[in-house]
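Below, chains carry the letters A, B, ... as their sequence lines are ordered, and counting in each starts from 1. Values below: all heavy atoms of this structure, side chains included; hydrogens, waters and symmetry mates excluded.
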There are 2 protein chains.
Amino acid sequence: MREFLKTKGFKMTPQRELIFRAFFEHGDHVSVDELYDKVRELDHTIGYSTVWRNLKLICKVGLAEEVNLGDGVTRYDRVTQVPHGHLFCTNCKKLIEFNVDQVVGLLAQVSRDHAFAPDSFKVEIHGLCAECSAKTEQIKNPEQVKS
Amino acid sequence: MREFLKTKGFKMTPQRELIFRAFFEHGDHVSVDELYDKVRELDHTIGYSTVWRNLKLICKVGLAEEVNLGDGVTRYDRVTQVPHGHLFCTNCKKLIEFNVDQVVGLLAQVSRDHAFAPDSFKVEIHGLCAECSAKTEQIKNPEQVKS
DNA sequence: CGACCATTGAAAACGATTTTCATTTTCAAT
DNA sequence: ATTGAAAATGAAAATCGTTTTCAATGGTCG
Ligand SMILES: [Mn+2]
Ligand SMILES: [Mn+2]
Ligand SMILES: [Zn+2]
Ligand SMILES: [Zn+2]
């Protein structure tokens, strides 16, 4: 890691080391706030802006990407070998990943059709996860015990 | 329109009339700022919050949806018969729509696989449109006239 | 060891969105 | 037409996640 960053002209610092570790070990889909809290447990002197800047750095060197689910906070998603889509529960904010190989095939064709040079594909399904869906069902149809 | 809103318990006002008209006649994919500017040309006394609230209202009654392209501003997209995806040029911000029938088919299956109750599917391709793509090409490979 | 420049932390700035509040307007019932 | 309750408006302020500023610190390399 240190070497990887050095080749890109960045320096390694204790704070950076800690933030990178925290992100890659426990941090997928974290917001700045969430990672800040995690990192603070290990070193309560680290500043918020340092966490923010290092998350941006992780993106700049291509190890993560910002994800915007439309709820006002930016999350940071590790870049993986295979691209994936997100099932986002608007109730409990759970995020489930799924394979998008087939979808990407279709979207690549769409891009070609429009002479569009794609950088990235974003595929999201918003709705209710199994658990929240079950709960809502209950609320709408309270157990009709009476005949 | 007046009747449609009345049945939902909302009142009609001159401001609302103007804002709705502006949105449905010239406003697809507008931000609040953009629609505010448009509406201001017709009535320079309308307040920003009134435009904001009425865009929210248009969404609430199901005639539009918020779109978040990750550039920090919320846009408002008319709800159409057939769902569509967006090709978003990160350079010139152009937005091109495309058919997602096939994609939605795949995503519906993904939802079923996860017992997920989908509300909406979001399909975006970020990159460079044909024009911007051509320009960038030029910059990277300036006409190599010399041998 | 310096010199140089990236990095840090605290605080302030930013900017889009949302809320507040006093006032005005709509609209259904008199 | 008059009235009253509820909804809507406009200006201003509040909110809140993000981003910048700036002085101080610290890493890298000769
Ligand atoms: Mn992910
Ligand atoms: Mn659209
Ligand atoms: Zn859920
Ligand atoms: Zn473009």
Worksheet item: Between atom CG in B/Asp71 and atom P in C/dA16, what is the gap in whole Å?
Response: 10 Å
Worksheet item: For B/Tyr48, which contact category applies under a 4.0 Å heavy-atom criterion: base, sugar-phosphate, or nothing?
Response: base
Worksheet entry | Side-chain heavy atoms of B/Leu107 within contact of B/Val123, under 4.5 Å | yes
Discussion item. For A/Leu69, is there any backbone N or O sitting under 3.5 Å from a side-chain donor or acceptor partner on A/Arg75?
Written reply: no
Practice prompt. Whole angstrom is fine here: how far is it from CH2 in B/Trp52 over to C1' in C/dT18?
Written response: 5 Å
Item to complete: Take atom CZ of B/Arg75 and atom P of C/dA16, then tell me their distance rounded to the nearest Å.
Response: 11 Å
Practice prompt. Map A/Val51 and B/Thr13 onto DNA chain C by nearest heavy atom, then report which one ends up closer to the 5' terminus.
Written response: A/Val51
Worksheet item: Is there a side-chain polar atom (N or O) of A/Asn54 under 4.0 Å from OP1 or OP2 of C/dT7?
Response: no
Worksheet entry | Whole angstrom value for the distance that separates P of C/dT18 from NZ of B/Lys60 | 12 Å
Response to the item:
Atom CG of B/Leu55 and atom C1' of C/dT18 are separated, to the nearest Å, by 14 Å
Worksheet item: Roughly, in whole Å, what's the span from CZ in B/Arg53 to C1' in C/dT19?
Response: 9 Å
Practice prompt. Apply side chain to side chain contact (heavy atoms under 4.5 Å, CB included) to A/Val61 and list each qualifying residue two or more places apart in sequence or on a separate chain.
Written response: A/Phe4, A/Leu5, A/Lys8, A/Phe10, A/Leu57, A/Leu63
Worksheet item: Starting at OH of B/Tyr36 and ending at C1' of C/dG15, how long is that distance when rounded to a whole Å?
Response: 16 Å
Discussion item. Ring centres under 6.0 Å, that's the criterion: do A/His86 and A/His29 meet it?
Written reply: yes
Practice prompt. Both distances under 3.5 Å, Watson-Crick or G-U wobble: on that basis, could you give the dot-bracket string for DNA chain C, with [ ] for crossing pairs and | for other-strand partners?
Written response: ||||||||||||||||||||||||||||||
Worksheet entry | Residue whose nearest DNA chain D nucleotide is more 5′ - B/Pro14 or A/Lys56 | B/Pro14
Discussion item. Pick the closest DNA chain C nucleotide for A/Ser49 and for B/Gln15 by heavy atoms, then say which residue is nearer the 5' end.
Written reply: A/Ser49
Practice prompt. Apply side chain to side chain donor-acceptor pair (under 3.5 Å) to B/Lys94 and list each qualifying residue two or more places apart in sequence or on a separate chain.
Written response: B/Glu131
Worksheet item: Pairs in or reaching into residues 41-56 of chain A: which pass salt bridge (charged side-chain N to carboxylate O under 4.0 Å, His left out), with residues at least two apart or in two chains?
Response: A/Lys56-A/Glu66
Fill in: Covered region of DNA chain D, 5' end to 3' end, by chain A [heavy atoms, under 4.0 Å]
D/dG17 to D/dC29
Fill in: Sugar-phosphate, base or nothing in reach of B/Thr45, heavy atoms under 4.0 Å
sugar-phosphate
Discussion item. With salt bridge (charged side-chain N to carboxylate O under 4.0 Å, His left out) as the rule and sequence neighbours excluded, what pairs involving residues 13-30 of chain B come up?
Written reply: B/Glu17-B/Arg21, B/Asp28-B/Arg78
Worksheet item: For atom NZ of A/Lys60, is the number of surrounding heavy atoms from other residues, nucleotides or ligands below 6.0 Å larger than 12?
Response: no
Discussion item. Within a 6.0 Å radius of atom CD on A/Glu97, are there more than 12 heavy atoms belonging to other residues, nucleotides or ligands?
Written reply: yes
Worksheet item: What is the nucleic acid contact for B/Thr74, judged by heavy atoms within less than 4.0 Å: base, sugar-phosphate only, or nothing?
Response: sugar-phosphate
